[in-house]
Structures are given as structure tokens and as C-alpha cells.
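Okay, so here's the structure we're looking at.
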There are 2 protein chains.
Amino acid sequence: MTLLKDFRHIILYGLTLAVLIFALKWMQWKFLIVDNAIDIYIGLVALFFTTLGIWVAKQVIKPKVETVIVEKEIVVNQSTEFILDEAALEKLKLNGREYEILQLLAKGYSNAEIATRIFLSLSTVKTHVSNLYSKMDVKSRTQAIAKAKQLRIIEL
Amino acid sequence: MTLLKDFRHIILYGLTLAVLIFALKWMQWKFLIVDNAIDIYIGLVALFFTTLGIWVAKQVIKPKVETVIVEKEIVVNQSTEFILDEAALEKLKLNGREYEILQLLAKGYSNAEIATRIFLSLSTVKTHVSNLYSKMDVKSRTQAIAKAKQLRIIEL
DNA sequence: ATTACCATCATACTTTAGTACCGAATGTCC
DNA sequence: GGACATTCGGTACTAAAGTATGATGGTAAT
């Protein structure tokens, strides 16, 4: 980490300085010039408080946070969603079978195909289809499909 | 480069230190008479070096980069807009009349109604409808309607 | 138990849709 | 002019859709 590296440099610098001063003072001591001891003292104080300052700063200063905002696009509702108009469906009062058959009608199935698909006889399907027309007030399967789509009671 | 930056810091620190020592020495010279000023002097040194330490630390500490991913919703095509798939329409190679009749078919009109509406005979309409089925590869009007809507070549 | 409704299936019938094959008028391109 | 595609129209037939009516069995409310 760079931060640690920087500190190492500074501390190394400080230590070297201290050692030098000590060496110097020792030499001064040796030559009985002791009255300059105050300088060493001050140097030590300076060194200590510098270190203290750095340490405190490191503890206290909140690291600068650079926030990089990356926008992530989310596509919502790409397909034209089918929304069933339940109110309209209720109005018609279709029973389950009739609505089921209406949906199959819209998919293009013939009466015979519908009969096979939902296990009914052809005549039953015809009956349901006829009742469906009555309730929807139409006269053919194509009209029923067109109206059902207008009313939004079937898909597509 | 980090190394150069570090050096700059260290040199700056050294210079500041040098200036300070000069200042101190100058102060010592001036206020040599005041004996107990030594406490204030050391206090000032401590304060200064603490500040210096903090300053250095502040310079050296690297900003932390934080990446925040923000999700942005993009609404696409919410309205049930009809978009004609011209490519699909081209593929079928329907002629004008056939496409016209296809549209009327989807609206629920019978062959007879279509004939009246576009001033054709019933047999002509039947012919067109038959050809339409061949081209669309279907076998009934309801299938044609379902397929046309799937292919997005008619409205609704 | 009676009434009413629903779902199922059936028969008989009419109407519409769909297929197959054909003919004819029109306009365009080579 | 001849070849070709488009559009229009017809006849004859089959298949499917749609209508009308009735019957059966189940379920649920009164």
C-alpha cells in the first residue's frame, strides 16, 4: 500500500535525523559542551509531536471518499403488456367454459379442434359458442374475437 | 508517480523543519533573557510539530475510491402502440386487395359484408380470401387473424 | 322436494366459409 | 405482339359454422 510506504519514508527520515542529532550531541557531550542539551530536548519534542500529529491525523481524518456513480440501465416493460379489463369481463357474465372457449376461438381453433382439446363433443362446443355470441352480442366467431380484443378481455 | 510525490513531501518537510529551526534560533537569540519562557517555547514547538504532522498525514493519505452503482429504470414503450412489422408483411407478398381484405377480416366482417363494403362480388372476395390463406399458410379466417396479429401486420 | 341453473350432448336444419377450377379484362415489361 | 401478373368474376361442391330445440344429470338455493 502506498500510504504505508509514505509513512515509512517519513519515519525513516525522522529516525535518521534523530540519530544524526544524537550523534552530534554525543560528540558535544564528549567535548563537555553540555549546555546545548536543550536542543536535543526540543528536537525530540519536535520529533515526537510530529509523529503524534501524523498518528492522530491518521486516526481522526476520515478517508476522502471519491464516489463514482455508475448508472446501470434496467429495461422495464419492454413488451406491450396485456392488461385484462376485468370489469368488462364481469359485465359479460361469461361462465368458465365460455371464456375458455373464447380464448381458444381467438387462437384460431375450429369448433372441432376446441372439442378435442377440452374433451367435449362438437355439439357442446357449438352450444357454448352460441351462448357466448348471445352474451357478447355478436353473430360470428370473428366478431367475437374482434370485440373481445377491443374490450381487452383476451390476450394479444 | 508516487515516488516523486513522496520525495516532494519529504523535501518540503525538511525545508519547513529548517525554517523552523532558524526561527527558533532567532527567537532564542531575542528572548534569551526570559528564563521560564522555555515552557512556552516547547509548547509552541509541540503545537507546531503536531500541526505539521497532521498536515503531512493529510497530504499523504490517499483518497479512497468508492464505486456506487445506481440502478436507473428506463421505461420502454409503455403505451400499447401498434408498430407494423413491415418486414413480415413484405415476406407474405400480399397484394393490395388481399391486405385490405385481411384487415376487414380482422374486424369481424363476413365475406358478404366485405363484398358490399369494397364493391366486389361475393365470389371475388372468396377468391381473394382463399389466396390470402394460401399465402399466409392458414386454413381459416380465424387462423389468419391470429397469425396476422402475431406477426404484427394488423392493428389491435 | 321443487325450482332454477349449468354443463353436457344430440338431432336437424340453414347459412357461411372455404376449395377447386375456370374465364376474362387490364396493365406492364421485354 | 406475346408473356406475365393482377384483379375481377363465375360455378359447383364440401366443410364448417351457426341456430333451434330438446334431453340428461349434477348442484345449489329456497
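First the proteins, then the strands, lettered A, B, ... as listed; each starts at 1.
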Gap between atoms CD and P, on B:Glu113 and C:dT15 respectively (whole Å)
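Spelled out: CD on B:Glu113 to P on C:dT15 is 16 Å.
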
Whole-Å gap separating C1' (C:dT8) and CD1 (A:Ile101)
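Atom-to-atom, A:Ile101 to C:dT8, this comes out as 11 Å.
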
Comparing B:Gly96 and B:Lys126 on DNA chain D - which has the more 5′ nearest nucleotide:
B:Gly96

DNA chain D: B:Ser121 or B:Lys93, which has the more 5' nearest nucleotide?
B:Lys93

For [N], take OP1 and OP2 only and decide whether either is under 4.0 Å from a side-chain N or O of [X].
{"X": "B:Arg97", "N": "D:dC8", "result": "yes"}
{"X": "A:Ser130", "N": "D:dT19", "result": "yes"}
{"X": "B:His128", "N": "D:dT7", "result": "no"}
{"X": "A:Asn95", "N": "C:dC6", "result": "no"}

Contact class for A:Leu120 (heavy atom, under 4.0 Å): base, sugar-phosphate, or nothing?
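Since only primed, P, OP1 and OP2 atoms lie under 4.0 Å of A:Leu120, the category is sugar-phosphate.
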
Base, sugar-phosphate or nothing for A:Thr127? Non-hydrogen atoms, less than 4.0 Å.
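Base contact.
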
Gap between atom NZ of B:Lys139 and atom OG of B:Ser130 - 0.5 Å precision:
12.5 Å

If you take all heavy atoms of A:Val125 and A:Leu120, which pair is closest and at what distance?
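Reported closest heavy-atom pair: CG2-CB, 4.1 Å.
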
Which listed nucleotide (D:dG9, C:dG18, D:dG18) is nearest to the side chain of B:Ser123?
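Among D:dG9, C:dG18, D:dG18, the one nearest the side chain of B:Ser123 is D:dG9.
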
